[in-house]
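What follows is one structure encoded as structure tokens, with my remarks underneath.
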Amino acid sequence: MPLPPLLHDRAGDPGRCSHERTGANLASLAVHSGDLTGLAPQALETALADLEDGVAALATTTGAAALDGVLACHLRPGDHAVAQCSPYGGGRARFRALERTRGVRISYVSGRSTREVAEAIRPTTRLLYLETLASPSADVCDLSAMTSLARGAGLTTVVDNTFASPVLCRPLHHGADVVLHLTTAYISGHTDLTGGVAVFADEQRHHRVRGRIRALGEEADPFTGWLTLRGLRTLTLRMRQHCQNAGALALRLAAHPAVVAVHWPGLPDHPCHRVASRLLTDHGGLLAFEVDGGHEAARRFVDRVTLAQSSTALGGMETLVHHPEGSVLRAVGAGEGTVRVSVGIEDLDHIWSDFVHALPSPW
């Protein structure tokens, strides 16, 4: 995928800006229309629509802006939504804000069964929100079953695909209407920008949401679009290494005497293993494990790693570790010693050596 220049003039190379989906020369189009600023975001939207097999995409300033735009166009005061929204991250915060400011009612579900979702649906329900891969539990919901249920109830299905990326899953293939990404994570891969994207199965929804995003000035800026395209070119290679390292690390952690439990959907004993193996092309670069010794042991581990970095971010090339708050862990049924790991693409032995040094010694 060619990376368009930040600015293009007649002395530049217009061939660099062509995109394989449309064959259109985006740089030339921008020059002739006088709109140089829209070049990189437009190319990014075209590329992401291709990757998710959508009809159109919309790049935004943040992931929250993409989610807000979609929700605002589908939910009115008095409406109800069902959300498989992990307590970790910004998704639930956006729904709570919607409850406070717009009078929308939200029912939260784990996403582990269609029965749970069916029981949450009301006559006023308009939308179902799902996460392909949840944090920090690494749960994977059965998208095909969920979207089928939603379609039968006349609901719009919105899926956050951030932690799987379109390399591992394409929710539109499973019946979703809108797919969201926090492009800060795997899409860009460098943890040096903020952004979001919404990909649509139909042009009508895209048109409605774009109008709102434009009115609020929340479209992605050219430099962020360019940086995101830079990272997008290596997404497939990075995801392959993220998944390979995560799988090997999960097995090593499971065998370590100081580790009580490991949560990674590629492990046969994970409750979502069968669903994940059917839905995903691989099992992802996100895992969590529980250190023997509870909260204090987990904090010591996070403080002692040197190669890995302590951060709430995820999806970058580097390995990132985080000890979630107790309320988050209790909400997903995890122990107080749980550490979430966004496994990077570094040499596996280097990652493991860092972890062994930081884990409590069994002797």
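Because the structure is predicted, anything quoted here is derived from the model rather than measured.
Checked for salt-bridge contact, Asp142 and Arg274 miss the test: no charged N lies under 4.0 Å from a carboxylate O. Using a cutoff of 4.0 Å between basic side-chain nitrogens and carboxylate oxygens, Glu218 and Arg212 are not scored as salt-bridged.
Within the structure, ring-ring contact (aromatic ring centres under 6.0 Å, His included) contacts touching residues 294-320 (residues at least two apart or in different chains) are Phe289-Phe301, His295-His323, Phe301-Phe355. Counting only residues at least two apart or in different chains, side-chain hydrogen bond (donor to acceptor under 3.5 Å, both in side chains) contacts with residues 158-167 comprise Glu52-Asn161, Tyr129-Asp160, Thr132-Asn161, Asp160-Thr162.
Residues Pro166 and Leu235 meet the side-chain proximity criterion, which asks for heavy atoms closer than 4.5 Å. Between Pro265 and Leu133, some side-chain heavy-atom pair lies under the 4.5 Å cut-off. Within the 4.5 Å cutoff, the side chain of Arg112 has no heavy atoms near those of the Gln84 side chain. Between Leu182 and Phe163, every side-chain heavy-atom pair lies at or beyond the 4.5 Å cut-off. A 4.5 Å side-chain heavy-atom check between Val82 and Leu155 finds every atom pair outside the cut-off. Using a 4.5 Å heavy-atom cutoff, the side chains of Leu267 and Leu251 are in contact. Taking the side chain as every heavy atom from C-beta outward, Cys169 and His174 approach each other to under 4.5 Å.
Using modelled atom types, one finds no donor on one side chain facing an acceptor on the other under 3.5 Å when comparing Arg105 with Thr124. One side chain, His206 or Glu203, offers a donor N or O that lies under 3.5 Å from an acceptor on the other. Using a 3.5 Å distance cut-off with no hydrogens or angles, the side chains of Ser277 and His283 do pair a donor with an acceptor.
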Taking distance alone, no hydrogens or angles, what donor-acceptor pairs closer than 3.5 Å link side-chain atoms of residues 71-81 to residues at least two apart or in another chain?
{"residue": "His74", "atom": "ND1", "partner": "Val70", "partner atom": "O", "Å": "2.7"}
{"residue": "His74", "atom": "NE2", "partner": "Arg205", "partner atom": "NH1", "Å": "2.9"}
{"residue": "Asp79", "atom": "OD2", "partner": "Arg76", "partner atom": "N", "Å": "2.8"}
{"residue": "His80", "atom": "ND1", "partner": "Thr125", "partner atom": "OG1", "Å": "2.6"}
{"residue": "His80", "atom": "NE2", "partner": "Ser107", "partner atom": "OG", "Å": "2.7"}
{"residue": "His80", "atom": "NE2", "partner": "Arg122", "partner atom": "NE", "Å": "3.4"}

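With sequence neighbours excluded, the residues forming a side-chain hydrogen bond (donor to acceptor under 3.5 Å, both in side chains) with Thr306 are Asp354, listed by chain and number. Not a single salt bridge (charged side-chain N to carboxylate O under 4.0 Å, His left out) links Arg100 to another residue, sequence neighbours left out.
Heavy-atom neighbours of His173 NE2 from other residues, nucleotides or ligands within 6.0 Å: above the threshold of 12.
Without hydrogens or angle criteria, Ser188 side chain to Thr184 main chain gives a donor-acceptor distance under 3.5 Å. Checked by atom type and distance alone, the side chain of Trp264 never pairs as donor or acceptor with a backbone atom of His270 at under 3.5 Å.
Under a 4.5 Å side-chain heavy-atom criterion applied to ILVMFWY residues, the cluster that includes Ile345 comprises Met317 as well.
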